[in-house]
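Let me begin by presenting the structure, written as structure tokens, before commenting on it.
Below, chains carry the letters A, B, ... as their sequence lines are ordered, and counting in each starts from 1.
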Amino acid sequence: MIQKKESTGQSLNSRVLPKSFYIRDDVLQISRELLGKYLVSNIGGKITSGMIVETEAYRASDDKACHAYNNRRTKRTEVMFQEGGRAYIYLCYGIHHLFNVVTGPEDNAQAVLIRALQAEDNLPLMQQRRGIQRMGPQLSAGPGVLSKALGITKLLSGVSLLEGQSPIWIEDRNKVISDEEILASPRVGIDYAEECVDWPWRFRIKGSKWTSK
DNA sequence: CACGGGATCGTCT
DNA sequence: GACGATCCCGTGT
């Protein structure tokens with residue numbers, strides 16, 4: 001039985017990913033390594049979490065699908081240029097809050113979009129936030145819905161994932177995902193990205209029922 | 001199950 | 001003023 005610490009909800013046999021994980025200059029490798037890690041939120045003392053089963057990589061230097069392509073710094077994208085280990089969260093289609101992990105060294109904008117979770121902790125609260133009757137992958141399979149399930153909004157964009165009092169962090173719970181279990185394919189919804197459209201920068205755990213459509 | 005369209009608004013041109 | 005790194009529901013099969 002896993003014991004929970006009152007203050008953070010972090011399991012005793014897990015560890016919060018350290019800054020050294022995030023600041024590496026390799027968003028593709030980090031996207032792969034995030035599979036099997038646990039995204040956890042603490043909103044008003046309420047812990048919810050899920051295992052990451054789908055990610056997408058974005059990189060400003062050469063990727064036309066990235067909001068910061070061509071090193072475009074705006075108020076919205078500024079956080080992507082900071083040192084890795086923060087949240088980049090933005091509003092999509094006026095409705096959905098999409099959660100990204102900023103990676104890489106300062107001034108080298110890279111980020112990983114978390115696209116789907118296998119729900120783990122506090123399913124009833126996640127279900128309540130989603131407003132759905134039936135439990136199933138629709139709870140947290142999809143970048144917009146997983147944010148809703150975890151109570152994450154763009155108001156949290158820029159927060160550190162490393163501080164003890166962070167509302168969001170990522171844990172290693174000793175789940176191992178081998179390269180053979182990872183399916184790489186083109187990213188979703190980036191038709192405008194010209195020659196980058198077909199780059200296999202979307203990563204999924206093979207066979208997971210919790211990946212997005 | 002596949003497809004089509006509406007929702008809804010911050011962000012950038 | 002146009003358009004999304006999406007989701008859900010309705011329709012038809």
Measure from [atom1] on [X] to [atom2] on [N] and round the result to the nearest Å.
X	N	atom1	atom2	value
A/Y93	B/dT11	OH	C1'	14 Å
A/I95	C/dC7	CD1	P	10 Å
A/L146	C/dC7	CG	C1'	13 Å

Selected nucleotide, minimal atom distance to [X] side chain, candidates [options]:
X	options	value
A/R115	B/dC9, C/dC8, C/dT6	C/dT6
A/L113	C/dC8, C/dG4, C/dA5	C/dA5
A/N100	C/dC8, C/dT6, C/dA5	C/dA5
A/Y58	B/dC9, C/dA5, C/dC7	C/dA5
A/P143	C/dC8, B/dT11, C/dT6	C/dT6

Practice task
Output yes when at least one side-chain N/O atom of A/R130 is less than 4.0 Å from OP1 or OP2 of C/dC8, else no.
Solution key: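 Yes, such a contact exists.
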Practice task
State whether the aromatic ring of A/Y90 stacks on the base of B/dG10, taking stacking to mean ring centres under 5.5 Å apart and ring planes under 30° to each other.
Solution key: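 No.
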Problem - Distance under 6.0 Å and angle within 45° of ring axis: A/R86 vs A/Y88 - result: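 So A/R86 doesn't make the cation-pi contact.
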Handout entry: Side-chain donor-acceptor pair present, A/E56, A/N100, cut-off under 3.5 Å
Key =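 On atom types as modelled, these side chains do not qualify, holding no pair under 3.5 Å.
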Problem - Any residue of residues 59-88 of chain A with a heavy atom less than 4.0 Å from an atom of DNA chain C - result: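 Listed by number, they are A/A65, A/H67.
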